[in-house]
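Notes for the one structure printed next.
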Amino acid sequence: MASTTLICDTEPWKDLKAHVEDLKNTHLRDLMNDKERCQSMMVEFDGMLLDYSRQRATLETMDKLYKLAEAASLKQQINRMYSGEHINSTENRSVLHVALRAPRDAVIYSDGKNVVPDVWNVLDKIKAFSEKVRSGSWVGATGKPLKDVIAIGIGGSFLGPLFVHTALQTDPEAAEFAKERQLRFLANVDPIDVARNIAGLNPETTLVVVVSKTFTTAETMLNARTLREWISSALGPSAVAKHMVAVSTNLTLVEKFGIDTNNAFAFWDWVGGRYSVCSAVGVLPLSLQYGFPIIEKFLKGASSIDQHFCSAPFENNIPVLLGLLSVWNVSFLGYPARAILPYSQALEKFAPHIQQVSMESNGKGVSIDGVPLPYEAGEIDFGEPGTNGQHSFYQLIHQGRVIPCDFIGIVKSQQPVYLKGEVVSNHDELMSNFFAQPDALAYGKTAEQLLKENVPQHLIPHKTFSGNRPSLSLLLPSLNAYNIGQLLASYEHRIAVEGFVWGINSFDQWGVELGKSLATQVRKQLHASRTKGDPVEGFNFSTTTLLTRYLEASSDIPADPPTILPRI
Ligand code: F6P
């Protein structure tokens with residue numbers, strides 16, 4: 001497309017806008033009666049089954065969406081990503097998280113260089129290091145094995161690894177390799193998070209992994225200095241070399257911080273923070289906890305989807321279908337949000353991770369060429385595991401606002417429970433809800449049905465469900481490291497598809513900068529007021545009042561306090 005041409009100016013976009021009118025009087029109840037339609041809306045790949053028959057879409061809608069994809073040059077944009085072009089144009093970088101999980105013999109270029117050997121050098125280094133730590137051949141300053149790991153990082157240097165860790169914790173194979181070990185994550189700069197992380201841990205047996213792409217993120221660096229103090233005050237400053245390692249693209253700053261670069265694990269500027277879980281960002285802490293072979297399976301699952309995404313025709317391409325349907329829901333049906341509802345407690349951190357991947361990627365107001373968008377891009381993502389969500393926000397989803405839902409189900413539970421005499425197993429009980437909810441949303445319940453059930457007249461409006469609420473279902477055979485990798489990559493690529501169609505840059509994040517720089521101004525003021533008694537100046541009335549109140553109410557804090565670490 002020419003630089004200032006927006007997707008909304010193309011014929012397929014206009015055609016889809018008009019098509020919304022065609023569907024206005026079509027209820028999902030009717031669409032679900034068309035078996036042929038439903039059959040063609042089921043797609044399977046490598047054990048994953050996607051059923052999108054409960055989307056408010058016909059086969060004609062899908063054809064129109066494929067035409068939209070063509071108008072957005074979706075295929076070419078995917079190819080540009082895989083071939084290492086600088087599609088993150090505002091940062092002049094390629095976007096190659098697919099290289100992080102590519103097989104050893106793959107060839108993927110960035111700036112004329114095959115990056116796959118570099119990726120495997122780091123993976124081999126992680127494998128060797130994690131084996132040394134796990135086997136006890138790498139010991140702490142007092143000679144004790146390091147059985148606990150605290151990974152310090154925030155945003156993309158935290159949420160993905162936390163999601164994968166939470167999902168693996170109850171997988172029997174992974175859990176077997178994690179016996180007697182703990183992995184914790186310190187993200188928030190709130191000292192309470194420090195307190196929670198160090199509670200019950202002994203510095204003598206703890207390894208701290210500082211994870212930061214830039215090694216400048218304020219929260220991460222203060223937390224890193226805090227845990228450096230925790231280690232050196234207990235074991236002496238020389239213990240830091242044995243108890244702290246780093247993951248970063250900025251090895252100069254790693255060295256300046258005092259971490260031996262031999263114990264630093266690199267990644268590259270072509271890995272976006274929120275797409276970095278398959279780099280050392282995730283692979284190092286997760287390998288320390290579960291062993292490298294388990295994490296290699298996770299990478300293989302992601303790689304399987306990478307190959308599918310770049311080669312399958314759009315009609316059978318799970319990430320492409322997911323992405324196009326999201327665009328349909330947001331831009332044409334006008335539903336701004338999406339609920340991510342995994343029917344698996346192990347996936348409790350999936351929605352928080354996808355929130356960052358999706359909302360930091362696609363929450364943009366201008367096109368990739370800087371043209372203000374006359375349509376909304378991005379969507380509001382939230383979610384909770386089923387069935388917990390059912391007892392929380394599903395009321396709104398059933399009778400309030402329309403929120404397209406992703407139902408994610410698992411065929412075989414990681415932890416099956418059967419009770420003799422119960423009607424079904426515990427997992428079947430969970431899955432009964434997984435199968436029931438999408439139909440409740442799609443079909444609803446009419447006043448006529450309620451009348452037949454002798455529901456009193458005055459309750460009929462309250463008990464009526466309009467239905468016609470879209471969802472899709474994703475069924476995975478099990479939830480092991482491989483499947484977790486598949487799920488991750490499917491969503492990463494879905495979000496890229498949405499961004500490619502909306503014509504935005506899904507790989508930068510300038511929107512996080514303004515708040516950071518204003519915090520710098522406040523930090524300076526707090527320092528000046530506490531140490532020299534300077535009055536609050538240069539802020540608006542509201543902030544001045546709040547800051548003054550905060551300072552006055554905490555004036556008992558000494559100007560130059562001694563080091564204090566949490567004690568719980
Ligand atoms: O929140 C903004 C952000 O830049 C994210 O994109 C990134 O994942 C996070 O901060 C952490 O950055 P770093 O890994 O450089 O510490």
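In each ligand, atom 1 is the first atom listed, and ligand 1 is the first ligand listed.
Of all atoms in ligand 1, numbered sequentially from 1 with element shown, those under 4.0 Å from a heavy atom of E360 are 1 (O), 2 (C), 5 (C), 6 (O). Against a heavy-atom cut-off of under 4.0 Å, I154 is close to the following atoms of ligand 1: 9 (C), 11 (C).
Of the candidates S157, S361, S358, S506, R274 forms a side chain to side chain donor-acceptor pair (under 3.5 Å) with just one, namely S361.
Of the possible polar contacts, none joining the Y482 side chain to the E296 backbone as a donor-acceptor pair under 3.5 Å is found. Using modelled atom types, one side-chain atom of H308 and one backbone atom of I318 make a donor-acceptor pair closer than 3.5 Å. Within the 3.5 Å criterion, the main-chain N or O of S276 finds a donor-acceptor partner in the side chain of S279.
F292 and W120 have perpendicular rings, their planes meeting at more than 60° on a 0 to 90° scale where under 30° would count as parallel. Relative ring orientation between F163 and F350 is described as tilted, the plane-to-plane angle lying within the 30° to 60° band.
If you look at T214 next to ligand 1, the close heavy atoms, those under 4.0 Å, come from the backbone and the side chain alike.
For atom 8 (O) of ligand 1, the closest heavy atom belonging to the protein is G156 N, 2.8 Å. If you check which protein heavy atom lies closest to atom 4 (O) of ligand 1, you get K516 NZ, 4.0 Å. For atom 12 (O) of ligand 1, the closest heavy atom belonging to the protein is T217 OG1, 3.4 Å.
In this structure, E219 does not count as a contact residue of ligand 1, since none of its heavy atoms falls inside 4.0 Å of the ligand.
Taking any N or O of Q509, backbone or side chain, none lies under 3.5 Å from an N or O belonging to ligand 1.
For atom 10 (O) of ligand 1, the nearest protein heavy atom is 4.0 Å or more away.
Using modelled atom types, one finds a donor on one side chain and an acceptor on the other under 3.5 Å when comparing R184 with Q182.
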